There are 2 protein chains.
Amino acid sequence: MFSLSEENYLKAIFHLQKNSEAGVSTNALAEEMQTKASSVTDMIKKLSEKKLVIYEKYRGVYLSETGRKTALQIVRKHRLWEVFLVEKLGFSWDEVHEVAEELEHIKSEKLISELDKFLNYPKRDPHGDPIPDAKGHFQVANKTLLSNLSKGEKGTLVGVKDSSSEFLKYLDKNAIALGKTIEVLDKEDFDGSMLIQLKEKSLRISPMVSSNIYIKI
Amino acid sequence: MFSLSEENYLKAIFHLQKNSEAGVSTNALAEEMQTKASSVTDMIKKLSEKKLVIYEKYRGVYLSETGRKTALQIVRKHRLWEVFLVEKLGFSWDEVHEVAEELEHIKSEKLISELDKFLNYPKRDPHGDPIPDAKGHFQVANKTLLSNLSKGEKGTLVGVKDSSSEFLKYLDKNAIALGKTIEVLDKEDFDGSMLIQLKEKSLRISPMVSSNIYIKI
DNA sequence: GCTAGTTTTTAGACTTGCCTAAATATTTTA
DNA sequence: TAAAATATTTAGGCAAGTCTAAAAACTAGC
Ligand SMILES: [Mn+2]
Ligand SMILES: [Mn+2]
Ligand SMILES: [Mn+2]
Ligand SMILES: [Mn+2]
């Protein structure tokens, strides 16, 4: 149906589109795709001809309805494979992204529906992100960044914004994991750093950490 | 490491090489790869520069030691994924080939070693073909084609030569499956057709069928 | 052993996806 | 609001992998 490159672009536009109302800029997409702006322009033209995106020169790009559906299916596959890798093959959450990045492009409806069944229809991936169903529907959790909490507030860790291996390893090292309860013992006005309480210990974290952790109060 | 196309060529050469001592001809490879002879020549040159094959113009092509090892790893991945699809996801043996054809190219050592473990280190794929281990070792079964048996001989079905969906569906329809005992009740000299005895019934089969079934006596 | 037929290679071209450099459009700043 | 800075697009090119047509090399038949 679509080439590997086309699929990766669609997914990238989808992820960038979430962050704002405006169209996705060429440079933002180039950054995300680790390529040059001129290459992005080429690809956008192609996707536009295929009616997968809506594009006006210099005005940024938007996913069309078809484009959005396609992107959601790729996201679905990516996240289902991540669950498989962690639940069945014993990967840790910082090892799955790269492999899922390849597996998400395997073309087989049956493979994905059977995998979904085999995994018992999981609702979230190992990073707390929602898994769209076969129709592209998924529930948006009401969550907030840990950095938004004030002293005394507490909640449950339900996701991470940054899924880089480096960040996830930092969390592992400090026993910060999905489902854990976190309470803000203190928040420093000057730099936004926090003292947080985990089950067994307290810990001081920088705003770079607290602004990449999603909490459900 | 290697491109998708390079990997598919290596695997094709590997499979064709099994059938004879001689080098693999350009046309045979073109047929197998569903492409043109001129494209094959181009690719062979490339593989030859990369020392994956031994190639002399007009003389056919052979896998080098490195090429053979690479091909064996791809075959290993292909067959492990086939086992996964049948054992874990409920695919039938005639549905797995195409999907495995894509899955075999996913690049991750850990993925394959963990998958192997998850599947409990299977020795054969759903078509009875041996699965090479991480070092490329595998056991060659002593098997013979059903068409080589004479009247009165019997054995166990241990593999199929043709794994096309059409042939496998024919076998399913007639309850011919891996592990079944088959006895040759009669063999027609004129056209080689056979009357065979399965557990619950007897059946007449053409040489096109009997010459694609492997038997262990 | 020569020649006709077959196989293989070469030559030149196309598509996809990428690049650099240059041109053009938009946005910011003074 | 016009120049300066920034963002985006265009132009031209490259590598991989494929194709068609033509040339060259093998192989069989006489
Ligand atoms: Mn990807
Ligand atoms: Mn994820
Ligand atoms: Mn393949
Ligand atoms: Mn098989």
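Quick note on labels: first sequence line is chain A, next is B, and so on, each numbered from 1. Treat the numbers as computed from the prediction; the structure is a model and nothing was measured.
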B/Glu82 versus B/His127, side-chain donor and acceptor atoms under 3.5 Å: yes
Specify the residue among B/Val40 and A/Ser38 whose closest nucleotide of DNA chain C lies further upstream toward the 5′ end. B/Val40
Between B/Glu102 and A/Lys107, is there a salt bridge with N-O shorter than 4.0 Å? no
Looking only at the side chain of B/Thr26 (C-beta and beyond, no hydrogens), which of the listed nucleotides C/dC19, C/dT9, D/dT18 gets closest? C/dT9
Looking only at side chains, do A/His78 and A/Asp125 share a donor and an acceptor under 3.5 Å apart? no
Cation-pi, A/Tyr214 ring and A/Lys143 (6.0 angstrom, 45 degrees): yes
Atom-to-atom span, CD of B/Gln34 to C1' of D/dC19 - whole angstrom: 15 Å
Report all interatomic pairs (protein N or O, nucleotide N or O of nucleotides 13-16 of chain D) with separations under 3.5 Å.
none

Polar side chain donor-acceptor pair, A/Ser164 to A/Asp162, under 3.5 angstrom: yes
When you measure from the side-chain N and O atoms of B/Ser39 to the phosphate of D/dT18, is any distance below 4.0 Å, counting only OP1 and OP2? no
Considering only heavy side-chain atoms of B/Lys36, the closest of D/dT20, C/dT8, D/dT9 is D/dT20
So among B/Val75, B/Leu80, B/Ile74, which one has a side chain to side chain contact (heavy atoms under 4.5 Å, CB included) with B/Pro132? B/Val75
Going by the rule side chain to side chain donor-acceptor pair (under 3.5 Å), which residues pair with B/Asp94 if we only count those two or more places apart in sequence or in a different chain? B/Ser92
The contact string for nucleotides 22-29 of chain D, one letter per nucleotide 5' to 3', using protein heavy atoms under 4.0 Å with B, S and - for base, sugar-phosphate only and none, comes out as --BSS---
Does D/dT8 have OP1 or OP2 under 4.0 Å away from a side-chain N or O of A/Asn27? yes
Ring of A/Phe84, cation from B/Lys88 - is the NZ or CZ under 6.0 Å from the centre and inside 45° of the axis? no
Would you say A/Tyr9 reaches C/dC18's phosphate, i.e. side-chain N/O to OP1/OP2 under 4.0 Å? yes
Would you say C/dC19 has OP1 or OP2 under 4.0 Å from some side-chain N or O of A/Thr35? yes
